[in-house]
Amino acid sequence: MEKQLFLGDEAIAQAAIDAGLSGVYSYPGTPSTEITEYIQNSKTAKENGIFSQWCANEKTAVETAFGMSYAGKRTLSCMKHVGLNVAADAFMNIAMSGINGGMIIVTADDPSMHSSQNEQDNRVYGNFAMIPVFEPSNQQEAYDMIYEGYDWSEKWGYPVLFRITTRMAHSRSGVRTREARPQNPVGVEKDAQQKYTLLPVNARKRFKVLLDKQKDFLEASETSRYNQFLPLNPLKGTLTDAQNANIAQAKSPLQGVGGLLQGVGKLGIVACGIAFNYLQENYPDGFAHPVLKISQYPLPIKQLRQLVEACDEILVLEDGYPVVEEQLKGYLGIGLKIHGRLDGTLPREGELTPDKVRKALGMEVLSGYPASEAIAQRPPALCAGCGHRDVYEALNEVLKEYENAKVFSDIGCYTLGALPPFRAIDTCIDMGASITMARGASEAGIFPAVAVIGDSTFTHSGMTGLLDCVNAKANVLIIISDNETTGMTGGQDSAATGRIHAICMGIGVEPEHLHGIVPLKKNFEEMKRLIRNEIEYQGVSVIVPCRECIQTHGKKVKTKK
Amino acid sequence: MKTDIILAGVGGQGILSIAAVIGEAALEDGLYMKQSEVHGMSQRGGDVQSHLRIGDKPVASDLIPLGNADIIVSLEPMEALRYLPYLKKDGWIVTNSKPFENIPNYPEMEKLMDEYEHLPNKIILNVEQLAKDLGAPRSGNVVLLGAASPYIGVDFSKLENGIRRIFGRKGEEIVALNLKALRAGKDHA
């Protein structure tokens, strides 16, 4: 078939469709959002009746996908790395029961925190749940590994955790697609009740099954075409001069220019996922060292042994945490010398780059022109005309009247209220923490304790915290800044749209302390009055400033034209 | 053949459409490519860049190594300078001259132009003015692509086909305007 240009995210989406997907269940989160969006916009997906509506959060998404798998069909659930924390309860226990229809969970990790609050490496979750992890090194592999991943998942009876990083998610390349396959028929397994009812008596059995499966997972890794041991083979006589020069260098002590590797032994390299590309970039004419490319976990022991036998030292290249490095090194660090992020050969934090890898290999990093001294930082900012701006202007004005006010905020565009000119918020930790932190701080003696949360974040993880506040009659003001969309990720449907008042009433917020307002200049004084009054009320107050995101509004106007 | 291109600008200016046109052209030319772009938080008025790599051999890294870029194409004069450490000594900068000032400490234009003084290979043009003069005020990014076209390593006619494919959905009129914008950029440079 003809090559098509796909983002890593799009390659994953197209592969799932081609593999006979029946439903994708996700919550938006950079850099994973485009996978689900692609399926939502796909004509084929529509024709084939593939379900693709956004879910309230990652936990509901994974569970819904799992329900579809239980019924025999192939499902996908996509999230950013921190989303898997929200879905962890479901994730860990689905690994206990196992699945029926093929199930893939995509985690899009964000090393360097381009759009995130941490850079956790979710391969750790794969180890934790003891299920296979796939980590493609390029867009074509992303496509192929999803396409084949569904077969693996069904063969094993377990979900696959599919790990990509921002660079893979948001980089485009030509991808060859494969033949589309039909969806699975609906059907539940014969032993379903025992398998899917994790009473202790059943769970103990399932855990034994999972432990027993480990050898199958390992065997699959050792025979996977995505894990490759690439030994140096100078006897073939087909090497270029450059390759021979590289090999000569590899046999001598590694004292490359500016290099950190001063060891005297032969070096072998383990390159995981996208790190393999950065290694290749630095050896355009062939590797100077034996290399083990890894894209499928658990780690293939057979190939690792081959590498260790051929080398005295190992350099581990992986994007994210030193997960493989720690496994190879062990806690005591006795035995084989392992280099990587833990011994300073590579920086401990941040995304890998071809230059970081180059430096670790002891090669000279090129430099272009010196960095300009004229340039200024250009941080992101709330859009001109954004309703969150009006909210923060009013809130800042009122809070000038209070000496010890604290504003607990949340994850979304409005987090940008932390930056100048507003400097309006004091915290942003995780989805929903604004409301619960405000309560805790209030009970510790902070007054006023204000929470600012967006509509989509509120239905994702804020509602339960609000219930706690209502039950405790906490003295908090909660501002749900409603822009009727999931803004930061580009305007996906929000589960909250049109429902916030009803939800707040249902949770038990007193009607006289639940207010809506349109955040516009003309309502500035009224908004200030509401905020001031509700700060003074000893109990739970909720103000819902509601005006559509100007980005989604603009898009709608454009489409109408 | 191998060309490493850094596309720069401010979130929302339209660098990704330029990337898409070059990508389509490269694919039609049977070339390999990788193009890494920025989505998410920075798109809200922050600095954005895209690394675009094309060549007749498979491209390994999604990111361009330092000192390897053949050309920086920028919709904003300060943003072009942000990526100087990536630019080869004999590389080119093709940039819009009109600043996008959404920060309080935007540098003096003179200071920016001083920096450009020291760079041997540059094309600085007001793409918005040129686009307006053509009656295609929204095609500033395509004018810029036209100006950069001699250094990209892809046939001009393939870029024209890229325009047809990317803008085809929006109708013949839009395609014609953008083809005109592409040509005008090329002629100006």
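Every chain is numbered from 1 and lettered A, B, ... according to where its sequence line falls, protein lines coming before strand lines.
In terms of heavy-atom pairs under 4.5 Å with chain A, the best-connected choice from B:Val59, B:Val10, B:Val38, B:Val48 is B:Val10. Interface summary for chain B: among A:Gln280, A:Arg358, A:Glu34, the most heavy-atom pairs under 4.5 angstrom belong to A:Glu34. Note on A:Thr166, A:Ile375, A:Thr30, A:Thr33: by heavy-atom pairs under 4.5 Å with chain B, the leading option is A:Ile375. When B:Leu27, B:Leu112, B:Asp62, B:Asn68 are compared by the number of non-hydrogen pairs under 4.5 Å with chain A, B:Asp62 comes out ahead. Contact count versus chain A (heavy atoms, under 4.5 Å) is highest, among B:Glu79, B:Glu108, B:Lys57, for B:Glu79. For the options B:Gly46, B:Ala60, B:Ser50, heavy-atom pairs under 4.5 Å to chain A are most numerous at B:Ala60.
Salt-bridge check for B:Lys34 with A:Glu281: failed, with every basic side-chain N at 4.0 Å or more from each acidic carboxylate O.
In this structure, no portion of A:Pro31 lies under 4.5 Å from any heavy atom of chain B. At a 4.5 Å heavy-atom cutoff, B:Glu110 makes no contact with chain A through either its backbone or its side chain. Only the side chain of A:Cys413 comes within contact range of chain B, with at least one heavy atom under 4.5 Å from a heavy atom of that chain. Contacts between A:Leu352 and chain B at a heavy-atom distance below 4.5 Å involve the backbone alone (N, CA, C, O). Neither the backbone nor the side chain of A:Leu382 comes within contact range of chain B; no heavy atom of the residue lies under 4.5 Å from a heavy atom of that chain. For chain B, no part of A:Gln140 is nearby; none of its heavy atoms comes within less than 4.5 Å. Contacts of A:Leu416 with chain B are made by side-chain atoms alone, with heavy-atom separations under 4.5 Å and no backbone atom involved.
Here the side chains of A:His170 and B:Ser36 are not in contact, with every heavy-atom distance at 4.5 Å or above. Residues B:His51 and A:Arg167 have side chains not in contact (no heavy-atom distance under 4.5 Å, counting atoms from C-beta outward).
Atom OH in A:Tyr369 sits 9.5 Å away from atom CD1 in B:Ile72 (nearest 0.5 Å). Taken to the nearest 0.5 Å, the NZ atom of B:Lys111 stands 8.5 Å off from the CD atom of A:Glu373. The structure places CZ of A:Arg378 at 9.5 Å from CG of B:Asn105, a figure rounded to the nearest 0.5 Å. In this structure, OG in A:Ser372 is found 9.0 Å from CZ in B:Arg82, a value given to the nearest 0.5 Å. Distance check: B:Ser61 OG to A:Asn282 CG gives 8.5 Å after rounding to the nearest 0.5 Å.
Scanning residues 83-103 of chain B against chain A with a 4.5 Å non-hydrogen threshold yields B:Leu84, B:Pro85, B:Leu87, B:Lys88, B:Lys89, B:Phe100, B:Asn102, B:Ile103, sorted by number. Below 4.5 Å, heavy atoms of chain B meet heavy atoms from A:Gln4, A:Leu5, A:Leu7, all part of residues 4-11 of chain A. Contact annotation for residues 109-118 of chain A against chain B (heavy-atom separation below 4.5 Å, listed by residue number): A:His114, A:Ser115. Listed by sequence position, B:Glu115, B:Leu119, B:Pro120 are the residues of residues 113-132 of chain B in contact with chain A, using a 4.5 angstrom heavy-atom cutoff.
A:Ser173 places a side-chain N or O within donor-acceptor distance of the main-chain N or O of B:Met33, the cut-off being under 3.5 Å.
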Inset, instruction - Kindly indicate, with the supporting measurements, whether the criterion side chain to side chain contact (heavy atoms under 4.5 Å, CB included) is fulfilled by A:Arg172 and B:Leu52. - result: CA-CA 9 Å; A:Arg172 218 177 276 278; B:Leu52 177 53; over 6 Å; no
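In terms of heavy-atom proximity, A:Val365 sits nearest to B:Leu66 at CG1-CD1, 4.1 Å.
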